[in-house]
Amino acid sequence: HSARRGLSMQSEYDVAIVGAGIAGVICGAYLAKGGLRVAIFEKNDRVGGRMKIDKTSPGFTGFEHWVAFGQGWGGGAWYQASRELDADVRFFEVPEPCLYFRGSGRKFRIAPRCASPSALVSYYESLYPTPLSEETRREFIRAFEYVASIPYPELFGEPLASMPFWDFKDKLSRDPRVIGFFAAIAANSTMCEADEAMRYLSAGGLLSTFRFWWMSEAHCVAFDPDYVEGLVKPFVAAMQRNGGELFIGSKVKEVIVEQGVATGVIVNGSSGEPRAIRAGKVVVNADFTCIPRLFREVPAEVQRPIDAYAALPFHDFTLYAELDRPITAEPHPVSVVDPNTGGNLLMIWAISNAFPWNAPEGRQLIFASRVLPLEEEARKRVRKTIEKEIDDIIEEVFPGYGIAVAKKNYCSHYPLWHYQHTWYEKIPYRSTSVKNLFFVGDCVKPQQSMTVDAAASTGVYCGKAILRLEGRAVENR
């Protein structure tokens, strides 16, 4: 794509979009196709928002952290958008995950795609030496059938999206083994503690994770060479093909609100001089930590979710280990399970086995990550020993790791897709107190999917909603 640095900005647009994340560029692409004059202003020198390449050595490609998994193939939002906008999106399916119970000495098992409750029960029984009683087996099948019967859109709507799984679990089952299974699956899909998954994930968020990962209703995908080049930029190109404009290195200092109406943005261009750009509508594509900086007074319906998210300190701890030689041929991600709690201890993946472009020939890149405990003292304890614990776990799973490591790269992120799945209030896509102000992204509602596809779904939804308001709806194909 071609991007400008502010020298040729018009003084007025139909829609100004703040941020060039996946939701912002998809929204912009729909609006441009609908005939509106659109400009996206991105403060960084690249597009992609939080989908960025983590720091690694030349020739190695960090996987933009776990949030970048593009769930939703087969009807997902970005997949639908790529068809409707003719975006050049090409992707590769990620292999199924494995489960490994630490200290068990048993080989890790690839998780199958299960098409029926009986298949799921059979898989569960293969993980544990003690067979299920007939009564518990029937309860498992009843619970699985109930989860599978919930219409897909209802997982992301009320009441399931705003109900803690902890409050929903008795409706699902009163058998502790059944509930424990769902909590463990959610914990290992989101890389957190099982108890945290039950208390902080919404019923819809947890059940959608289960349906997508374990009942074959969605797939994880990867892009060559990375998510920015393979997913985000094709939508930028689709927008520009229809006259939309992108300005990188152009930081929006403020969203202009006059007498309760959003009327444009103040942009610091490449020269550093602030400039007012008028717009009929403003769409904000920013994570919740950045939104308050854009407003003199944050709308109350936006501030409430921001305050709630800020009080819930999800952080991951991630390692990219560059190896001087391959130590495993395993292409599947391995979720390491605490055998006592069912919680996730670590997610490990030899990324370059599945997608060779992530490491130089003859070398190997191993990704390992987990979400830190939410409780402050527990988080402090984990941080003191986490680097050694990660090394020990990887060595247990992939012997020979310790002597093959040439360099370790550590990083940490807000894993925003965890916030997607909490029961906390989300930011409404259309402000209820400021006219002509809209939002898209990870922490916005309505969402109709999970991980990066959830953010993409807000871009689709908002773009089409604005077009309908303007009488220019893009028809589905």
Exercise for the section: Start with the C-alpha distance between Glu258 and Thr263, add both sets of side-chain angles, then the distance that settles side-chain hydrogen bond (donor to acceptor under 3.5 Å, both in side chains), and finish with yes or no. Expected result: CA-CA 7 Å; Glu258 299 172 315; Thr263 60; 2.9 Å; yes

Practice task
Take the angle between the ring planes of Tyr152 and Phe156 and call it parallel below 30°, perpendicular above 60°, tilted in between.
Solution key: perpendicular

Handout entry: Pair Phe439 + Tyr429: ring centers closer than 6.0 Å
Key = no

Handout entry: Glu301 and Ser433 side chains, donor-acceptor separation under 3.5 Å
Key = yes

Problem - Candidate list Tyr320, Tyr410, Phe60, Trp349, test ring-ring contact (aromatic ring centres under 6.0 Å, His included), partner Phe367, passing option - result: Tyr320

Practice task
Assess the side chains of Thr451 and Asp453: does a donor N or O sit below 3.5 Å from an acceptor N or O?
Solution key: no

Exercise for the section: Might you point out which heavy atoms bring Leu319 and Lys408 nearest each other, and give the distance in Å? Expected result: CD1-CB, 3.6 Å

Fill in the blank from the handout: Heavy-atom nearest pair, Glu145 first then Pro117, reads CG-CG, 3.4 Å

Problem - Residue pair Ser162 / Glu158, side-chain donor-acceptor N/O under 3.5 Å - result: yes

Practice task
Go through the steps to decide whether Asn358 and Ser352 satisfy the test side-chain hydrogen bond (donor to acceptor under 3.5 Å, both in side chains), and finish with yes or no.
Solution key: CA-CA 5 Å; Asn358 285 284; Ser352 52; over 6 Å; no

Practice task
For the pair Phe181 and Phe210, name the ring-plane relationship: parallel under 30°, tilted 30 to 60°, perpendicular over 60°.
Solution key: perpendicular

Problem - Residues Glu42 and Ser250: side-chain donor-acceptor under 3.5 angstrom - result: no

Problem - Glu377 and Lys380 ion-paired at < 4.0 Å - result: yes

Exercise for the section: Heavy atoms only: give me the nearest His315-Ser412 pair and the separation to one decimal. Expected result: CD2-OG, 4.0 Å

Problem - Inter-residue atom distance Met191.CE - Asp316.CG, 0.5 Å rounding - result: 6.5 Å

Problem - Criterion side chain to side chain contact (heavy atoms under 4.5 Å, CB included) on Phe41 and Met9, from CA distance to verdict - result: CA-CA 10 Å; Phe41 302 96; Met9 289 179 191; 3.7 Å; yes

Problem - CZ/Phe182: more than 12 non-hydrogen atoms of other groups inside 6.0 Å - result: yes

Handout entry: Audit row: Asp287, Thr289, side-chain hydrogen bond (donor to acceptor under 3.5 Å, both in side chains) steps and yes/no
Key = CA-CA 6 Å; Asp287 73 64; Thr289 63; 2.3 Å; yes

Practice task
Could you tell me whether Arg370 and Glu193 have a side-chain N and a carboxylate O separated by less than 4.0 Å?
Solution key: yes

Practice task
Using distance alone, with no hydrogens and no angle criterion, decide if Tyr79 and Arg83 have a side-chain donor and acceptor under 3.5 Å apart.
Solution key: yes

Handout entry: Pairing of Asp88 and Arg90 as salt bridge, 4.0 angstrom limit
Key = yes

Practice task
Locate the shortest heavy-atom distance separating Ile26 from Ala81; write the atom from each residue and the value.
Solution key: CG2-CB, 4.2 Å

Problem - Distance, nearest 0.5 Å, that separates OG of Ser369 from NE2 of His413 - result: 7.5 Å

Exercise for the section: Verify whether one side chain among Asn344 and Ser335 offers a donor that lies under 3.5 Å from an acceptor in the other. Expected result: yes

Practice task
Measure the acute angle between the ring planes of Trp78 and Phe223, then classify it against the limits of 30° and 60° as parallel, tilted or perpendicular.
Solution key: perpendicular

Completion exercise
Sorted by chain and number, sequence neighbours left out, side-chain contact (heavy atoms from CB on, under 4.5 Å) with Leu469 holds for Lys281, Arg430, Phe438

Handout entry: Polar side chain donor-acceptor pair, Glu245 to Tyr13, under 3.5 angstrom
Key = yes

Practice task
Verify the distance criterion only: is there a donor paired with an acceptor across the side chains of Ser11 and Arg278 at less than 3.5 Å?
Solution key: no

Handout entry: SB check Glu84 Lys464 (cutoff 4.0 Å)
Key = yes

Practice task
Identify the two heavy atoms, one from Glu425 and one from Tyr309, that lie closest to each other, and give their separation to 0.1 Å.
Solution key: O-OH, 3.3 Å

